[in-house]
Amino acid sequence: MTRRLPEKTIERRTLADRRTSLTCGCACAVSIRKVLYFENFSPPLQPELVQALKDAGIRTDTDLLLNNDSAEIFRRLPPELGISLLDFRRAIAKVAELASATLVNGDKLLEQENKRQEDIFGDDMLLGVPEVDALLGGFSPPRVVEVSGDKGSGKTLALRHLSRADDSSVLWIDSSGEFSPERVSHMMEQLGDEVSPAILERLQVSLAFDIEVVHELLESLRQTMSSREASNQSPHTRLVVIDSITPLLGPMLSATSSQGHAVMTTFMRQLRAFADSFSLTVIVINTATKILPRNSEAVFETARKPALGPSFTFMADATLWLSHRPEAESEEDQETTVHVAEVLRSRISRSKTWARFKVRRGLLVSM
């Protein structure tokens with residue numbers, strides 16, 4: 001296992017430069033909403049109508065559908081177009097149909113869910129607790145997952161289990177300096193023959209106390225993975241863990257300024273693009289904060305919620321909330337505690353699902 005501090009160069013690029021470099025390196029762009037231009041519709045609209053709308057300043061589905069006065073747009077069309085108001089409204093209805101989400105029948109959704117459950121058994125990036133792995137369908141890339149909870153809820157321990165995937169390396173970005181290689185070694189001893197003895201060699205730990213250093217580390221990883229892909233070298237990185245994201249982004253957030261939120265949004269979009277480009281699983285660990293009277297998103301009653309505000313939850317593919325259950329639910333064995341994993345929000349599986357698990361002598365085990 002290597003533990004290193006990122007080297008500081010004399011000529012430091014600006015934060016915006018690093019963001020641009022990372023985004024360009026991923027060879028893909030991320031936008032809040034995909035705007036549909038009339039030329040891209042399939043089947044296409046009447047070319048003469050498309051050109052007339054463009055001449056009237058109406059170029060996209062949003063321009064047309066969100067306009068409050070369709071009759072006013074119709075009056076701006078040239079008379080030689082030869083289209084009636086009824087035909088124009090039918091064209092608007094067609095645009096609305098083409099721009100809307102595709103309907104999926106219930107039997108198809110059931111088929112997709114059954115296939116997702118079957119794929120879990122072929123996944124090699126698992127926590128090792130079937131009930132918890134089933135919540136998100138495993139952790140295979142590409143995806144960005146937020147794991148949140150209070151201290152002692154099992155966040156870091158769970159991800160150490162996840163780091164056991166064979167034939168791949170892990171980049172662990174430590175933002176607090178609390179990573180303990182001794183605890184990883186102890187976990188390996190407890191698991192015995194279930195893990196490869198080369199895990200520590202494939203685990204790379206880097207310290208990063210601000211978001212700029214994280215950008216430098218990800219840019220370095222991008223260059224390394226690009227060169228390894230070209231030469232077909234192994235092992236390749238499949239998992240990136242940021243432990244934790246809260247001290248990196250939290251100090252930037254303010255109720256009086258949107259700059260910190262813009263930095264957070266841009267960074268998370270770049271993580272998503274990075275994961276897609278290099279087939280990575282990116283896990284961001286988030287701490288918890290107080291909410292009164294209770295967290296309505298959680299299945300079990302609690303006055304705690306993920307930090308960094310409500311919008312952060314929507315920036316990941318899924319938010320996994322871990323909590324330590326009360327002493328009354330724990331066993332008499334003082335070395336065993338009961339925990340719960342809840343899916344607060346997810347785009348890759350069902351939300352509002354949960355599973356219980358145990359932590360026994362530093363290991364995750366089923367109930």
> What pairs with S176 under side-chain contact (heavy atoms from CB on, under 4.5 Å), at least two apart in sequence or on another chain?
Replying inline: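 Once residues adjacent in sequence are excluded, the partners of S176 under the side-chain contact (heavy atoms from CB on, under 4.5 Å) criterion are D174, E178.
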
>> Among residues at least two apart in sequence or on other chains, which ones pass side-chain contact (heavy atoms from CB on, under 4.5 Å) with T313?
In response: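 So T313 forms a side-chain contact (heavy atoms from CB on, under 4.5 Å) with E146, T319, R345.
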
Taking [Y] as the starting point, is it possible to reach [X] by hopping between hydrophobic residues whose side chains are less than 4.5 Å apart?
{"X": "M268", "Y": "L217", "result": "yes"}
{"X": "L171", "Y": "F274", "result": "yes"}
{"X": "F357", "Y": "V145", "result": "yes"}
{"X": "L218", "Y": "V213", "result": "yes"}
{"X": "V144", "Y": "V263", "result": "yes"}

> Would the number of heavy atoms belonging to other residues, nucleotides or ligands and lying under 6.0 Å from CD of Q259 be above 12?
Replying inline: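 Open: at most 12 neighbouring heavy atoms sit under 6.0 Å from CD of Q259.
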
>> Around atom CZ of R76, are there more than 12 heavy atoms from other residues, nucleotides or ligands closer than 6.0 Å?
In response: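 Enclosed.
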
> Does the side-chain contact (heavy atoms from CB on, under 4.5 Å) test come out yes or no for S277 and R222, once each step is laid out?
Replying inline: CA-CA 10 Å; S277 296; R222 183 192 69 79; over 6 Å; no

Using modelled atom types and a 3.5 Å cut-off, is there a donor and acceptor pairing between side-chain atoms of [X] and backbone atoms of [Y]?
{"X": "N105", "Y": "K108", "answer": "no"}
{"X": "S220", "Y": "E216", "answer": "no"}
{"X": "N286", "Y": "S148", "answer": "no"}
{"X": "D276", "Y": "A273", "answer": "no"}
{"X": "S346", "Y": "V343", "answer": "no"}

Calculate, to the nearest 0.5 Å, the distance between atoms [atom1] and [atom2] belonging to [X] and [Y] respectively.
{"X": "M264", "Y": "S258", "atom1": "CE", "atom2": "OG", "result": "11.5 Å"}
{"X": "T246", "Y": "I285", "atom1": "OG1", "atom2": "CD1", "result": "9.0 Å"}
{"X": "R90", "Y": "L85", "atom1": "CZ", "atom2": "CG", "result": "11.0 Å"}
{"X": "F179", "Y": "L203", "atom1": "CZ", "atom2": "CG", "result": "4.5 Å"}
{"X": "L320", "Y": "T353", "atom1": "CG", "atom2": "OG1", "result": "8.5 Å"}
{"X": "L53", "Y": "F74", "atom1": "CG", "atom2": "CZ", "result": "11.5 Å"}

> Is there a side-chain contact between L239 and F139, using heavy atoms and a 4.5 Å cut-off?
Replying inline: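 Not touching, per the 4.5 Å side-chain cut-off.
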
> Side-chain contact, heavy-atom cut-off 4.5 Å: L322 with V147?
Replying inline: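 Yes, their side chains come closer than 4.5 Å.
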
Locate the shortest heavy-atom distance separating [X] from [Y]; write the atom from each residue and the value.
{"X": "W321", "Y": "A288", "value": "CH2-CB, 3.6 Å"}
{"X": "R238", "Y": "S140", "value": "NH2-OG, 4.1 Å"}
{"X": "M225", "Y": "T237", "value": "CE-O, 3.4 Å"}
{"X": "A208", "Y": "V214", "value": "CB-CG2, 3.8 Å"}
{"X": "S175", "Y": "F209", "value": "O-CD2, 3.3 Å"}
{"X": "D63", "Y": "G57", "value": "OD2-O, 4.1 Å"}

> Hey, mind stepping through M252 and I211 against side-chain contact (heavy atoms from CB on, under 4.5 Å) and telling me if it holds?
Replying inline: CA-CA 10 Å; M252 300 182 184; I211 199 68; 3.2 Å; yes

> Is the H215 ring parallel, tilted or perpendicular to the F267 ring (thresholds 30°, 60°)?
Replying inline: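 Rings of H215 and F267: perpendicular, as their planes differ by over 60°.
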
> Does R347 pair with D317 as a salt bridge, N-O distance under 4.0 Å?
Replying inline: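 Looking at R347 and D317, the cut-off is met.
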
>> I'd like to check the salt bridge (Lys or Arg N to Asp or Glu O under 4.0 Å) partners of D243; sequence neighbours left out, ordered by chain and number.
In response: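 Here no residue qualifies.
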
> Do S153 and S323 have side-chain atoms, one donor and one acceptor, less than 3.5 Å apart?
Replying inline: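 Per modelled atom types, S153 and S323 side chains form no pair under 3.5 Å.
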
> How far apart are the C-alpha atoms of V365 and V129, what are their side-chain angles, what is the distance that settles it, and do they pass the side-chain contact (heavy atoms from CB on, under 4.5 Å) test?
Replying inline: CA-CA 6 Å; V365 295; V129 181; 5.9 Å; no

>> Please determine whether side-chain contact (heavy atoms from CB on, under 4.5 Å) holds for the pair T287 and D150, giving the CA-CA distance in whole Å, both sets of side-chain angles, and the decisive distance to 0.1 Å.
In response: CA-CA 6 Å; T287 59; D150 279 309; over 6 Å; no

